[in-house]
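To start, the structure under review is shown below, and the notes come after it.
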Protein chains: 2
Amino acid sequence: MGRPRYQRRKEDRPQEIAEAAFAAFAEKGFTATKVEDVARRAGVSKGLLYLYFKTKEELFKAVIRGVVTPRVDELTRTLDDSELSAEAFIRGPLLTFLKRLPGSPASVVIRLMISEAPKHPDLVDYYWENVASRGLGALRQLLERGVANGEFRESAVNELPQLFIAPVMMSIVWGIVFADRSLDTDKLIETHVDMILAYIRA
Amino acid sequence: MGRPRYQRRKEDRPQEIAEAAFAAFAEKGFTATKVEDVARRAGVSKGLLYLYFKTKEELFKAVIRGVVTPRVDELTRTLDDSELSAEAFIRGPLLTFLKRLPGSPASVVIRLMISEAPKHPDLVDYYWENVASRGLGALRQLLERGVANGEFRESAVNELPQLFIAPVMMSIVWGIVFADRSLDTDKLIETHVDMILAYIRA
DNA sequence: TGCCTTACTGACTCATTGGTCAGTAAGTAT
DNA sequence: ATACTTACTGACCAATGAGTCAGTAAGGCA
């Protein structure tokens, strides 16, 4: 008669809880987020959350991994597929990718990593292996290709792919701290890439 | 007979407590730091700390202000005093200043701002007025001087002094997240400044 | 030497929150 | 229908840590 008070949906719960958690973490950060709030957001009791995730930390790690993994593949895949010259690739797909980052979930992840890194060394390891080192490796490879086919000269930039990320990081941090005071992040990143290309062009 | 269990040192206590707090915050961040630990570190009881600082937040703000204020004056003062050409100033004093930042207390402040900004809007305002906007203003002024006396051409960089900070921010964030995995921050910053100058030179 | 002000102590309160678990009811098989 | 499994609930527990305050003693002054 009365409709059921809840449905059993073993398959979907973990995903739904993880999504709720990501939203909550994005708003208030890890520590300030209460497990109970995540549960409520996911339309579930606290007890159930603990059935699927052993601790709050487990949940945190699962969430980060879930967001991070797909993103990286995107970049490396487009890089591998592309037949463009190094410069064309940088001005095209890479620039687009970089400009998207500050507004994407990636920026939430960065914020969480900065705040929580000291307390979660294993998460840092994961992030390093699956994101940072792979991303930087791909960039380095791209630069070497450019040098190999005579587009670029040898320069310190080859050893410092972090230079490509610098303005993105700047934009992300700016967004976190000065949320309201606007900064034209697209222009910042574009100008920066322009600078790099002018600098390394053969 | 027995020597006194404590000394009364009304004058020095606040300073000492603030220093202890900075050290504690630097190690564990704001939330993870217990007021009692700060007190112990300062060689003082928790009760006394609360005599000088109304709440943990008050303490936090006082600490940030204490670290931040002197640093900024340093930059603007050297800029005003200098008779160097714009380029010489950038390659000399400014570069030195920028390279020092990642290892300085400034980087601790940045980390704390990133983690706590959403919860402390008034602190963000203070930081904006006393650090960010003044620092960026000084940089913008420097660039304009360079344009005025024919050293530099007009370029988008004039509107984006954040470009100078980008590699510094990158280095700071790198240091926070990947403390151990080394990055040659000096080289990163130097190369970057090199790039900018090549780009804007008339 | 004794008195008085107040810097200082530390045991206490109380709100918060991560984590548990005995019980409930949804769905399934017979 | 009835029995049975287990996804799910929510009241509860225990630990933690910010903030308080009644009391103590340092040190200056008469």
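Proteins come first, then strands; the chains are lettered A, B, ... in the order of their sequence lines, and each starts at number 1. Side chains are part of it too, since the values below use all heavy atoms of this structure and drop only hydrogens, waters and symmetry mates.
Annotation: side chain to side chain contact (heavy atoms under 4.5 Å, CB included) contacts of B:Ala166 (sequence neighbours excluded): A:Ala166, A:Met170. Every residue two or more places apart in sequence or in another chain that forms a side-chain hydrogen bond (donor to acceptor under 3.5 Å, both in side chains) with B:Lys61 is listed here: B:Asp122. A:Arg40 is linked by a side chain to side chain contact (heavy atoms under 4.5 Å, CB included) to A:Glu36, A:Asp37, counting only residues two or more places apart in sequence or in another chain. Every residue two or more places apart in sequence or in another chain that forms a side-chain hydrogen bond (donor to acceptor under 3.5 Å, both in side chains) with B:Asp73 is listed here: B:Arg134. Considering only residues two or more places apart in sequence or on other chains, A:Glu27 meets the side chain to side chain contact (heavy atoms under 4.5 Å, CB included) condition with A:Arg41. Applying the side chain to side chain contact (heavy atoms under 4.5 Å, CB included) criterion to B:Glu116, with sequence neighbours excluded, gives B:Phe30, B:Thr31, B:Phe60, B:Lys119, B:His120. Partners of A:Glu19 according to the side-chain hydrogen bond (donor to acceptor under 3.5 Å, both in side chains) rule, which considers only residues two or more places apart in sequence or in another chain, are A:Gln15. Remark: A:Asp180 engages no residue in a side-chain hydrogen bond (donor to acceptor under 3.5 Å, both in side chains) (not counting sequence neighbours).
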Can you give each donor-acceptor pair under 3.5 Å made by side-chain atoms of residues 85-94 of chain B, sequence neighbours left out, with the distance rounded to 0.1 Å?
from, atom 1, to, atom 2, distance (Å)
B:Ser85, OG, B:Ala88, N, 3.1
B:Glu87, OE1, B:Arg201, NH1, 3.3
B:Glu87, OE2, B:Arg91, NH1, 2.8
B:Glu87, OE2, B:Arg201, NH1, 2.6
B:Arg91, NH2, B:Asp194, OD1, 2.4

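Atom pair A:Glu58:CD and C:dT20:P shows a separation of 13 Å (rounding to whole Å applied). Across the protein-nucleic acid pair, B:Gln7 atom CD and D:dG28 atom P stand 11 Å apart, rounded to whole Å. Rounded to whole angstrom, the span from the CZ atom of B:Arg9 across to the P atom of C:dC8 amounts to 8 Å. Atom-to-atom, CG of B:Leu49 to C1' of C:dG10 comes out at 14 Å; the value is rounded to the nearest Å. Spacing between atom OH of A:Tyr52 and atom C1' of D:dT9 amounts to 13 Å, rounded to whole angstrom units. Here the C1' atom of nucleotide C:dC8 and the CD atom of B:Glu11 are 15 Å apart, to the nearest Å.
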N/O-N/O pairs, protein side and nucleotides 2-6 of chain C side, under 3.5 Å:
from, atom 1, to, atom 2, distance (Å)
C:dT6, O2, B:Arg8, NH2, 2.2

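A donor-acceptor pair shorter than 3.5 Å can be found between the side chains of B:Thr69 and B:Tyr126.
A donor-acceptor pair is defined here as one N or O able to donate and one able to accept, closer than 3.5 Å; no such pair exists between the side chain of B:Ser107 and the backbone of B:Gly103.
Counting any heavy atom pair closer than 4.0 Å across all strands shown, A:Phe53 reaches no nucleic acid atom.
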B/S/- contact track for nucleotides 13-24 of chain D, protein heavy atom under 4.0 Å
----SBBBB--B
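Only at 4.0 angstrom or more do the heavy atoms of residues 14-25 of chain B sit from any atom of DNA chain C, so none qualifies.
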